[in-house]
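We count ligands from 1, going down the list as the structure has it; atoms in each ligand are counted the same way. Predicted model only: the values in this text are computed from it and were never measured.
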Amino acid sequence: MGSGLDRVAICRRRCRFARVSSLPTASDSESPPLSLGVLVSGNGSNLQAILDATGRGELNARVQLVLSNKPEVRALARARAAGVPARCISHKDYPSREAFDAALVEALREARVEWVVLAGFMRLLTPVFLDAFPWRIVNIHPALLPAFPGVHAQRQALEYGVKLTGCTVHLVDTGTDTGPILGQRAVAVRAEDDEASLSARISKEEHRLLVDVLAAIARGSLTVEPGGAAARPRVALELP
Ligand code: GAR
């Protein structure tokens with residue numbers, strides 16, 4: 001493995017071989033916007049950061065569809081306020097995780113989504129979903145992975161007593177918050193921090209990091225080198 005032909009670039013439309021250069025080119029800047037689907041479960045501040053960045057022209061992307069597994073969450077209202085199609089597909093309406101994932105995939109495909117962003121989406125995805133968007137699912141997590149995966153990452157960091165935590169954007173694989181890391185930003189923990197104050201500072205960094213990562217993907221600068229059956233793929237992405 002690891003030969004030139006194994007090197008796969010995850011570009012904006014489909015995988016192709018050996019795209020190593022990440023410098024923006026004329027064709028990159030003229031490319032159509034990245035077609036995004038955003039999965040949410042709650043507040044939607046990361047979704048808002050994406051919508052705001054596209055509106056300001058800082059992110060060459062279009063949010064085609066927002067899906068929530070919970071009804072009436074603020075994220076759905078944010079999407080509708082921005083004129084983006086948004087709907088709830090409740091996991092409670094499906095007999096299995098796989099059936100729920102298949103419904104998500106169908107909706108995203110109908111909306112012609114190329115890349116999926118998990119922006120506070122609090123459900124584990126099965127191979128039914130992962131195989132539909134291979135290495136095209138991005139997750140934001142409020143810790144410096146591999147530290148503090150799963151839920152309540154900020155609480156975990158405070159309980160452990162770390163002095164530095166932060167946020168991570170990574171590609172999604174079959175594990176919980178284990179996929180290849182695309183970018184991280186550090187946040188210092190203060191002596192007086194509680195979960196709310198720490199979460200608020202991490203949240204600000206999340207918004208910048210997520211937009212930076214998506215903008216870099218939109219420029220076609222992400223490469224993913226498959227690692228073989230057992231190994232992790234290696235990724236390269238130039239961030240500002
Ligand atoms: C964010 O902090 C995100 O990192 C976290 O949920 C929050 C959603 O905020 N995701 C996870 O913990 C996933 N393991 P938002 O709804 O305001 O974007």
Side-chain angles (χ1 to χ4, degrees), residues 36-55 59 61 63 65-82 84 86-91 97 100-101 104 115-126 129-130 137-160 162 164-189 193-214 239:
L36 297 179
V38 183
L39 271 53
V40 296
S41 296
N43 177 36
S45 70
N46 282 286
L47 166 67
Q48 191 68 59
I50 294 169
L51 294 170
D52 292 348
T54 58
L59 170 57
V63 180
L65 180 63
V66 172
L67 292 177
S68 171
N69 66 309
K70 292 189 178 172
E72 294 169 27
V73 291
R74 186 160 176 216
L76 287 173
R78 291 181 192 267
R80 290 179 185 130
V84 171
R87 51 189 275 225
C88 172
I89 297 181
S90 173
H91 57 279
R97 286 185 183 276
F100 170 61
D101 283 3
L104 296 177
W115 280 80
V116 178
V117 182
L118 309 184
F121 184 68
M122 305 309 268
R123 300 287 303 173
L124 294 178
L125 294 168
T126 69
F129 194 96
L130 301 181
I137 307 166
V138 167
N139 182 45
I140 177 94
H141 182 76
L144 293 175
L145 292 170
F148 312 128
V151 295
H152 305 306
Q154 302 94 329
R155 191 185 305 167
Q156 292 182 58
L158 287 170
E159 284 174 359
Y160 199 93
V162 294
L164 202 62
T165 183
C167 53
T168 302
V169 173
H170 64 94
L171 292 175
V172 176
D173 66 7
T174 52
T176 301
D177 301 323
T178 54
I181 289 172
L182 301 177
Q184 293 186 304
R185 298 275 156 82
V187 173
V189 181
D193 265 332
D194 58 16
E195 201 174 333
S197 64
L198 180 59
S199 298
R201 289 206 310 291
I202 292 174
S203 184
K204 282 187 185 166
E205 288 304 319
E206 285 189 329
H207 301 162
R208 294 189 195 105
L209 177 63
L210 184 57
V211 168
D212 285 350
V213 167
L214 293 174
L239 291 179

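- Contact atoms of ligand 1 toward G150: 14 (N) (distance under 4.0 Å to a heavy atom of the residue).
- Looking only at heavy atoms of the protein, atom 17 (O) of ligand 1 is closest to S45 OG, 2.6 Å.
- At under 3.5 Å, not a single nitrogen or oxygen of G42, backbone or side chain, sits near a nitrogen or oxygen of ligand 1.
- Polar contact with ligand 1: absent for N139 (N/O pair, distance under 3.5 Å).
- Summarising the geometry, atom CD belonging to Q184 is positioned 4.0 Å from atom CD1 belonging to I181; distances are rounded to the nearest 0.5 Å.
- Considering every non-hydrogen atom in both I140 and A119, the closest pair reads CG2-CA, 4.0 Å.
- For atom 14 (N) of ligand 1, the nearest non-hydrogen atom of the protein is H141 ND1, 3.2 Å.
- Just one residue in the list V172, V117, L39 forms a side-chain contact (heavy atoms from CB on, under 4.5 Å) with N139, and that residue is V172.
- Every atom of ligand 1 is numbered from 1 in the order shown, and the set under 4.0 Å from a heavy atom of M122 is 11 (C), 12 (O), 13 (C).
- When only non-hydrogen protein atoms are considered, atom 9 (O) of ligand 1 lies nearest to N46 ND2, 3.9 Å.
- Relative to atom 7 (C) of ligand 1, the option among P142, G44, G120 with the closest non-hydrogen atom is G120.
- When each of V169, V138, L125 is paired with L118, the side-chain contact (heavy atoms from CB on, under 4.5 Å) condition holds for L125 and for no other.
- Interatomic distance, CD of Q156 versus CD of E195, reported as 10.0 Å (0.5 Å rounding).
- The aromatic rings of F100 and F121 sit parallel to each other, their planes meeting at less than 30°, with 60° as the upper class boundary.
- More than 12 heavy-atom neighbours from other residues, nucleotides or ligands sit within 6.0 angstrom of CZ on R80.
- Where the criterion is an N or O separation shorter than 3.5 Å, residue side chain and backbone included, E206 meets it with respect to ligand 1.
- The nearest protein atom to atom 10 (N) of ligand 1, hydrogens excluded, is given as I140 O, 3.6 Å; this is a heavy-atom distance.
- Within the 3.5 Å criterion, the main-chain N or O of R78 finds no donor-acceptor partner in the side chain of Q48.
- Of all the atoms in ligand 1, the ones that sit under 4.0 Å from a non-hydrogen atom of N43 are 16 (O), 17 (O).
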